[in-house]
Amino acid sequence: MIKDILKILETDARTTTKQIATMTNIPTAEVARLIKQAEKDHTILKYKTMINWDKVGEEQVWALIEVKIAPQRELGFDSIAERIYRFAQARTVYLVSGTYDLLVLAVGKTMHEVADFVSQKLAPIEGVQGTITHFALKRYKEDGEILEGEEGVKRQPVIL
Amino acid sequence: MSISSKSQHSKYYSLTSQRVEQLSPSGIRKFFDLLASMEGVISLGVGEPDFVTPWHIREAAIYSLEKGYTMYTSNLGMPELRQELSRYLKDNYELEYDPNSELLITVGVSEALDLAMRAILNPVDEVIMPDPHYVAYDSCVILSGGTPIMVPTNQENNFEISAADIEARVTSKTKAILIGYPANPTGAVMSKHKLADIAEVARRHQLLVISDEIYAKLVYGVEHTCFATLPEMKERTILLGGFSKVYAMTGWRVGYAAATKEVIAAMIRIHQYTMMCAPTMGQVAAIEALKSGEDSVTKMVEDYNKRRLVIVKGLKDIGLTCFEPQGAFYAFPSIKGTGMSSEQFTERLLIEEKVAVVPGSAFGQCGEGYVRCCYATSLADIEEALSRMKRFVAKHPK
Ligand SMILES: Cc1ncc(COP(=O)(O)O)c(C=O)c1O
């Protein structure tokens, strides 16, 4: 039941309690209670808006940074990961399998700002053995949404 | 003799055939011409998915073009498609159809329906069907020289066709029963036991049953029963199915018929001269749809269901009584309370509030007093359409 509600909110956070109640056949008060509960136990972390900042001429620099680290005794990767994800510049941080350990998505206003973050904050952390930074040249799709040129096909006025 | 002098000799002379003259002219065309000329119209009129065909299906077709699959296929359809279809019918319904003799790939259910009628009907034959029904049902019977016999259905009996009503209309001329559930235009779905009663009538009177199951997967909270799965019905059923609605593939023009060897052979004899084969590109897309379209369908069904609940509640809130549709993507509210005919309602709603619906009368006499609202459109549009309809109904108290 809560899953149905979450799915609706995940696609459109602005869907009202009443609308959700109609779509799921769950009473409005119950929907409200379930949402409150989900907010409280951090199932719902936040309600946000996806924005294409290019449209308003806001420059953003996106970088994917591979980070190789030496795990620490008892703490494993977590404590180093924490030191990294506490930085506001680190938008997303994953522990990954493969040739490196952490994948960090950093967003800044300029290339310089991102480079500074890598060289002055990230790389010097004890246990970080190396980084490789990939600056994003173009964002095509973000969290399931195509940024430009999504098809707006017009249906013909047919009937049957 | 020139045409004009000929027409002077006979006042009944017409350039077009009498059979065509028999078809009821579509009263809806004029609305849609009007609609095409208007700006800002929200259309609940179109009977097709608003989704674009899932990318993996489009991609498979594009790849086939790159590889040069541009030629005719076998009259029956591509062997791989028939095999996949046979597997699909087995997996979904535990029905065994031989891909080499009991399945035919057609240009949509439209062609399959036409072929089925032409393959089985003689000039005196009657075909019993529900009223209201999908617009092609009676026309295809008439074009094949048969006579459609209507069984009235209405909101009170959930738009289900009853076995007793069918049986009451069986005569020595009755050849077949034509049903289509989940239904266009009503969204009705028939339960297994009620279909079993119809099967019993078909068995007792040795009738064929043409079952148009194009909306088979679009059901909400209920099970779809494939007519051919009912006892002794596989031999009597011409099962029609398609890709248009379920996989959002209306423009690809692919569908199929599943029936006995004899019926399929008869259908192929017409198909080979009139159509040759379904579009090759569409057939390739259909293979991909059957192989891995399940997830996309589940996702679309979830979306339709939300819209269904919103539109039905909205229509009720407006004060229109609305039967709870359980399948397809149509709501069929009664507009009798407004005192308008369904054509008047449709025309005024379009002109005054720019919302397009389809008058129920387009689907048979018993459709009068209802309008068809297709909810295969965005939630935002559905809500805007509902608020315009609310204003419209409030403005026109009976
Ligand atoms: C009940 C029904 N049968 C058949 C069809 C035709 O489908 P196809 O695109 O497969 O020819 C439609 C389309 O509206 C329909 O609603």
Side-chain angles (χ1 to χ4, degrees), chain A residues 1-38 43-44 47-52 55 138-160, chain B residues 26-29 31-38 41 43 45-53 55 58 108-110 134-136 139 184-185 220-221 244 250-251 299 302-303 305-314 316-317 356-359 362-363 372 374 376-380 382-383 386:
Chain A
M1 218 156 57
I2 181 68
K3 281 189 193 161
D4 293 333
I5 298 174
L6 293 174
K7 271 193 204 161
I8 292 169
L9 286 174
E10 193 181 31
T11 41
D12 184 358
R14 291 190 309 173
T15 319
T16 65
T17 322
K18 231 176 105 185
Q19 286 169 321
I20 295 173
T22 307
M23 289 181 213
T24 54
N25 253 337
I26 303 171
T28 314
E30 180 65 4
V31 172
R33 192 188 66 77
L34 288 167
I35 292 176
K36 270 261 138 52
Q37 165 106 40
T43 303
I44 293 174
Y47 301 94
K48 302 207 304 185
T49 308
M50 277 186 84
I51 291 167
N52 185 353
K55 290 265 185 204
K138 185 168 181 179
R139 286 196 298 152
Y140 294 101
K141 190 174 184 182
E142 192 68 42
D143 205 10
E145 304 301 319
I146 295 169
L147 282 102
E148 293 284 346
E150 181 59 315
E151 53 257 277
V153 186
K154 267 199 83 163
R155 284 194 284 180
Q156 304 293 306
V158 289
I159 0 152
L160 317 179
Chain B
S26 170
I28 337 173
R29 293 276 162 206
F31 297 122
F32 285 84
D33 290 343
L34 186 60
L35 190 152
S37 68
M38 286 168 73
V41 175
S43 179
V46 190
E48 68 176 336
D50 61 325
F51 298 108
V52 175
T53 309
W55 172 248
R58 284 185 277 159
V109 168
S110 302
Y134 174 54
V135 289
S139 305
N184 177 6
Y220 314 103
S244 292
T250 46
K299 173 89 191 24
E302 274 177 18
D303 266 18
N305 191 29
K306 281 181 228 158
R307 302 170 188 187
R308 178 183 73 103
L309 292 162
V310 168
I311 198 164
V312 171
K313 178 162 188 300
K316 285 181 179 163
D317 288 350
V357 298
V358 181
F363 306 97
R372 189 191 74 177
C374 173
T377 191
S378 74
L379 266 174
I382 290 172
E383 297 201 335
L386 284 168

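Note on naming: letters A, B, ... go to the chains in the order of the sequence lines (proteins, then strands), and numbering restarts at 1 for each one.
- Annotation: side chain of L379(B) is in contact with side chain of M23(A) (closest heavy-atom distance under 4.5 Å).
- Residue with the most contacts toward chain A among K306(B), R307(B), E383(B), K313(B): K306(B) (heavy-atom pairs, distance under 4.5 Å).
- Of the atoms belonging to T24(A), it is backbone heavy atoms, and not side-chain ones, that fall under 4.5 Å from chain B.
- For Y140(A), the OH atom counts as loosely surrounded, since its 6.0 Å shell holds 12 or fewer non-hydrogen atoms of other residues, nucleotides or ligands.
- The distance from atom CD1 of I20(A) to atom CG of L309(B), rounded to the nearest 0.5 Å, is 13.0 Å.
- For K316(B), the NZ atom counts as densely surrounded, since its 6.0 Å shell holds more than 12 non-hydrogen atoms of other residues, nucleotides or ligands.
- Note that the CG atom of D303(B) and the OG1 atom of T11(A) stand 7.5 Å from one another [nearest 0.5 Å].
- Heavy-atom neighbours of E30(A) CD from other residues, nucleotides or ligands within 6.0 Å: above the threshold of 12.
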